[in-house]
Amino acid sequence: MQELEKSLLREKYPTKEAVTTEIINLEAILNLPKSTEAFMSDIPVAHSGRWQNADH
């Protein structure tokens with residue numbers, strides 16, 4: 001790791017407690033439930049006045 005990178009990290013996380021807190025927060029974020037993904041093929045579309053699935 002370069003000295004500049006180390007210096008920047010020391011500025012943002014000056015103590016071991018700050019580093020530990022950040023690690024705990026990041027791990028908590030990673031363990032949050034994942035959001036639902038929607039795909040365009042799941043959304044019905046209007047075609048000729050009728051609703052149809054996009055994959056038909």
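Just so you know, these numbers use all the heavy atoms, side chains as well, and skip hydrogens, waters and symmetry mates.
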Handout entry: Other cluster members, Leu8 - Ile/Leu/Val/Met/Phe/Trp/Tyr, side-chain contacts below 4.5 Å
Key = Leu4
Exercise for the section: Sequence neighbours left out, what passes side-chain contact (heavy atoms from CB on, under 4.5 Å) with Lys16? Give chain and number order. Expected result: none
Exercise for the section: Supply the atom-to-atom distance Glu5 CD to Gln2 CD, rounded to the nearest 0.5 angstrom. Expected result: 6.0 Å
Let me have the donor-acceptor pairs involving side chains of residues 21-33, under 3.5 Å, with sequence neighbours excluded, atom names and distances please.
| residue | atom | partner | partner atom | Å |
| --- | --- | --- | --- | --- |
| Thr21 | OG1 | Glu17 | O | 2.9 |
| Asn25 | ND2 | Thr21 | O | 3.4 |
| Asn31 | ND2 | Glu27 | O | 3.0 |

